Amino acid sequence: MIIRLGYVAMAIDLKKCSPSKTITYKTYKKIKDEEVKLYKLKKVAKQNIINTKRILLYNVAHNIQVYRISSKLIPLVTHDDVLDWDYVNEFKDIYRDIKRIIKENNLRVSAHPDHYTIISSPKEDVVKSSLQILDYHKNIMETFGLDCDHGKLVLHMGGKYGDKNKTLNRFKEIFSKLNPDIKKRIILENDDKIYGVSDLINICEDLSIPLVLDVHHHWCNNNGDNIEDYLQRIFDSWSKEKLKPKIHISSPKSETKKRAHAEEIEFDFFNDFIKKAKIIDKDFDIMIEAKNKNLALFNLMNEIKKHKEYKIINESTFEI
DNA sequence: TCGTGTCAAGATCTT
DNA sequence: AAGATCTTGACACGA
């Protein structure tokens, strides 16, 4: 069983390389001149995209193939009353480089629209803005040269709104009406409070949506279910599209802050899951969601090295 | 330049 | 009905 590790958004040891810089909405609104507004937006966006390219090159240098881009590449793009500009055609040359890096190195690049993107909300305006956010992410995936099979968008189900089943049905209805270019990209992740694996697996099977298992979320919110009873179905939810499954992992921050993400990945927590996945014995990828980002990935690999049953393949990949 | 408070978002819990 | 809380990296601003 071969497993690759990846990380989210930032490479901590790359200095001055944030892909998530922004201007606050409040500050933006204070600017009077339209040209100045546009200049600011473009300047920040360009830097974020260039930094994303730098991070991708860093990943290639460190043999990391699994990566999630920042959800804030283009500042304020999802605000309704912020100037509309052509962020797709503006930086064609940088996108071309990024496309090439991804393709030549066969990188698995995904995106996770922030948790305010909720298409199952009963509020029409929340759904409307969520669709705009999804459209933006689809555009970015396209500029990065990632088609529907490769550039996936991770979403959560959303709130409870008093009735889980009604919410699930609303999701189904809106999902069925989505633009196919967006619909085919959506994958669903279990959350840490409301929708657990057992809530999502049926709808994922019904609608052919891959289920992204978040091991930490399942630990927080599991309805008494053991993950080993669901793993086969979870992995199978990716098979229809012939995709390698991907899961998320993080460690609880502390006894009192169980849901928050810790700086690092605790080996025992990780190892415990790997042992359960070994029963299925299918290759998959793991997205590390730790505060220390790529450094947590390296530190985890260092821990893994100490254990005989793991065979190290490169800086981010091992076999068990 | 440093540290501290503020910012964005939606849902839900608390007052 | 209004406010606090959750979450996150980074802005904004005063010292």
Side-chain angles (χ1 to χ4, degrees), chain A residues 7-31 36-37 39-41 43-52 55 68-82 111-137 153-164 166-168 170-171 174 189-196 199 214 216-217 220-221 248 250-254 256-264 287-296:
Chain A
Y7 70 97
V8 178
M10 279 194 303
I12 298 208
D13 48 342
L14 278 181
K15 300 299 171 202
K16 296 192 174 176
C17 196
S18 166
S20 314
K21 284 191 167 293
T22 189
I23 320 161
T24 62
Y25 183 62
K26 210 174 173 181
T27 309
Y28 172 86
K29 293 287 274 184
K30 281 186 203 157
I31 304 171
V36 178
K37 281 181 164 170
Y39 172 80
K40 292 255 182 195
L41 291 174
K43 189 181 165 186
V44 175
K46 187 175 183 183
Q47 197 57 59
N48 286 343
I49 298 164
I50 287 173
N51 287 346
T52 299
I55 294 164
R68 181 198 298 164
I69 62 165
S70 160
S71 58
K72 300 184 181 73
L73 279 187
I74 313 293
L76 307 180
V77 67
T78 52
H79 282 258
D80 254 345
D81 55 345
V82 166
H112 195 342
D114 64 38
H115 59 282
Y116 306 108
T117 315
I118 304 161
I119 61 172
S120 68
S121 172
K123 294 177 190 164
E124 224 174 278
D125 54 333
V126 173
V127 176
K128 193 181 158 229
S129 76
S130 296
L131 295 178
Q132 284 172 5
I133 296 170
L134 284 172
D135 199 53
Y136 152 73
H137 280 276
L153 305 176
V154 185
L155 281 188
H156 291 290
M157 179 53 64
K160 192 175 169 190
Y161 314 106
D163 190 324
K164 276 192 192 180
K166 277 185 186 168
T167 305
L168 288 166
R170 252 195 327 271
F171 179 92
I174 290 172
E189 177 188 349
N190 59 307
D191 66 65
D192 54 1
K193 274 184 176 161
I194 306 169
Y195 297 93
D199 296 308
D214 187 306
H216 179 195
H217 290 170
C220 298
N221 174 31
H248 294 172
S250 47
S251 286
K253 191 171 183 68
S254 65
T256 48
K257 291 180 173 175
K258 288 184 174 167
R259 298 203 317 272
H261 292 176
E263 319 283 314
E264 301 286 329
M287 183 64 76
I288 288 180
E289 295 180 325
K291 289 266 195 192
N292 287 347
K293 312 286 181 189
N294 59 318
L295 301 183

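Worth saying up front: this structure is predicted, and the values here are computed from it rather than measured.
- Within the cation-pi definition used here (under 6.0 Å to the ring centroid, within 45° of the axis), A:K40 does not qualify as a partner of A:Y28.
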Report summary line: Scoring nucleotides 1-15 of chain B by protein non-hydrogen atoms under 4.0 Å (B base, S sugar-phosphate only, - none) yields ------SSBBSS---

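- Phosphate contact (OP1/OP2 of C:dT7, side-chain N/O of A:K253, threshold under 4.0 Å): absent.
- Note on A:S18: a side-chain N or O is less than 4.0 Å away from OP1 or OP2 of C:dA10.
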Report task. Verify salt bridge (Lys or Arg N to Asp or Glu O under 4.0 Å) between A:E289 and A:R68, making sure each step is shown before the conclusion. Result -> CA-CA 10 Å; A:E289 295 180 325; A:R68 181 198 298 164; 2.7 Å; yes

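- Using a cut-off of 4.0 Å between Lys/Arg side-chain N and Asp/Glu carboxylate O, A:K291 and A:E264 are scored as not salt-bridged.
- When only modelled atom types and interatomic distance are considered, A:D81 and A:Y25 share a side-chain donor-acceptor pair under 3.5 Å.
- For A:K293 and C:dT7, the NZ to C1' distance is 11 Å, given to the nearest whole Å.
- Note on the helix from B:dT1-C:dA15 to B:dT15-C:dA1: angle between the axes of the first and last five pairs equals 70°, rounded to 10 degrees.
- Non-hydrogen atoms lying under 4.0 Å from DNA chain B are contributed by nothing in residues 44-52 of chain A.
- Contact annotation: A:K257 does not reach the phosphate of C:dT7 (side-chain N/O to OP1 or OP2, under 4.0 Å).
- A centroid separation of 6.0 Å or more is found between the aromatic rings of A:H248 and A:H216.
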